[in-house]
There are 2 protein chains.
Amino acid sequence: MPPARASTQNDLTTQLREAIARGRLLPNERLIETDLAATYGVNRAHIRMALAMLDQEGLVVRERNRGARVRAVSDDEALEIAETRLAIETMIAGQAARRVTDSDRKALRAILTRMRGCVDGEDYAGFSDANAALHREIQRIAANATASRIVASLKSQIVRLQYRVILLPGRPALSLAEHRRIVETICAGDRAGAEAAMRAHLTSFLRLLKQAIAAAHHGGF
Amino acid sequence: MPPARASTQNDLTTQLREAIARGRLLPNERLIETDLAATYGVNRAHIRMALAMLDQEGLVVRERNRGARVRAVSDDEALEIAETRLAIETMIAGQAARRVTDSDRKALRAILTRMRGCVDGEDYAGFSDANAALHREIQRIAANATASRIVASLKSQIVRLQYRVILLPGRPALSLAEHRRIVETICAGDRAGAEAAMRAHLTSFLRLLKQAIAAAHHGGF
DNA sequence: GTCACCCGGATTGTTGACAATCCTGTCAGC
DNA sequence: GCTGACAGGATTGTCAACAATCCGGGTGAC
């Protein structure tokens, strides 16, 4: 089932990026230009271009005359990425606290309410969506396009690992509490508090990520 | 004077990146594929690829059917970039403090000595080099490739502005003191201290950057 | 004088063909 | 049985030609 034909270069790159992030293209899987071109209904040159960009982005590795593969992020790299994300998103939370307006406050609290509903209803997919929406909203408020772009790029490299953490028992409830504190500090315009709250949240995430990785090593699967 | 022929795709991209960073290609300057191909002695396809990667990297903007231009970072963007860099490099300093070894300590102190020599001899170019070397060394010690890559990319977008700050009167001496504190805290394995020292250093840099931008606005030149 | 229109040059977008390279399996020699 | 050379196919790298698009200037109507 070939995906819808990509109209522009950017669309194609986005499609490939999502295919990797969603796991439709697996780590270390070879990305053969001719095949991809046929699958997406475009010319090889487009694929070549998209692969070059995804290479630059860190989602794909290319070796001369050997082709491209989906980059397999090692455990160490995953932690590196998560820590870097922590540093940037902490800053973003602080900036959001400085710039927050009344309508922003309303939007943040609305998403938080949605999250609580998902926790009560044990709707994990919905919770995950609301989670992403909240972080996106905070980024929008912070209005730091550079940082947002980088965070997006980092996230796409470790999305698959995130699911392992989200599905841990009791995680959503704890996560909700952490997010509530983030929202409240940002709404209060408390920059240092927002930074601390976001740092605490992502540190907690990082700790669980480490545990998940260690568990997988011991033969989880 | 055409630069040496680029042997590989990566080399070409690097050459273009440096040409932009060094100011040989000015902001908003049109990057005409045919011309660049002739200049660098390669095919248009290579140029096209390199431009796509630099676009992804944020050094170049491309509009469909309109070609590519060197991206002009606005003042606001410059501050965004500097703040993001601050957040990441602060984290890097902390990681370096955790991982530092004896040989690392020696290397750090050697660079510091070099910096002091440049300050005494009023060798601004040398100071700038030593400065870069020190930051590179700290990144090497932190061993966070992801973060290092991002910082490099951010730096390349605002290198030109850095010169304005470095050349301010009294800046090198102050900068030296800041760097000394960074080195000492890292050598002591004092993570929080290293983070604080790096944050102080880059905050000081950021403040001067803001001043330089404001000054330029009032008609400096 | 101004506006709309159109045309030609310049530039980018797209495509297919060919060359270069790498990987795999096979076979001869030891 | 093992090693090395070698052929064949698969895949990427390179290139030039053609198509599509944009931009500027000029022309004519009003």
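On a predicted model such as this, the values are computed, not experimentally measured, just so you know. A note on names: the letters A, B, ... follow the listed sequences, proteins ahead of strands, and every chain is numbered from 1.
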* To do: Could you tell me whether R30(B) contacts a base, only the sugar-phosphate backbone, or nothing, with contacts defined as non-hydrogen atoms closer than 4.0 Å?
  => sugar-phosphate

* **Donor-acceptor contact present, side-chain D104(A) to main-chain T101(A), <3.5 Å** => yes

* Atom-pair distance (CG on N65(A); C1' on dA10(D)), nearest Å -> 13 Å

* Between R69(A) (CZ) and dC23(C) (P), how many Å, whole number? -> 11 Å

* According to a strict under-4.0 Å criterion, is R44(B) in side-chain N/O contact with OP1 or OP2 of dT14(C)? -> no

* **Side-chain (S148(B)) to main-chain (N144(B)) donor-acceptor, under 3.5 angstrom** => yes

* Asked: Rounding to a whole Å, what distance do you find between D35(B):CG and dA10(C):C1'?
  -> 10 Å

* Check the distance between dG13(D)'s P and M49(B)'s CE and give it to me in whole angstrom. => 7 Å

* R24(A)/E18(A) under salt bridge (charged side-chain N to carboxylate O under 4.0 Å, His left out): CA gap, chis, key distance, verdict -> CA-CA 8 Å; R24(A) 283 183 35 163; E18(A) 299 227 323; over 6 Å; no

* Give a yes or no answer on whether the side chain of S175(B) reaches the backbone of R171(B) with a donor-acceptor pair at less than 3.5 Å. => no

* Reckon L31(B) touches a base, only the sugar-phosphate, or nothing at all at heavy-atom distances under 4.0 Å? -> sugar-phosphate

* **Integer-rounded Å distance: dT21(D) C1' and E63(B) CD** => 14 Å

* Side chain R71(B), main chain G58(B), donor-acceptor under 3.5 Å -> yes

* Give a yes/no answer on whether the side chain of H46(B) brings an N or O atom under 4.0 Å of OP1 or OP2 in dC15(D). => yes

* Is the shortest heavy-atom distance from the side chain of S74(A) to the side chain of E80(A) under 4.5 Å? -> no

* Asked: Closer than 4.0 Å, any side-chain N/O of R66(A) to the OP1 or OP2 of dT21(C)?
  -> no

* Asked: Taking five pairs at each end, how big is the angle between the two axes of the helix from dG1(C)-dC30(D) to dC30(C)-dG1(D), to 10°?
  -> 0°

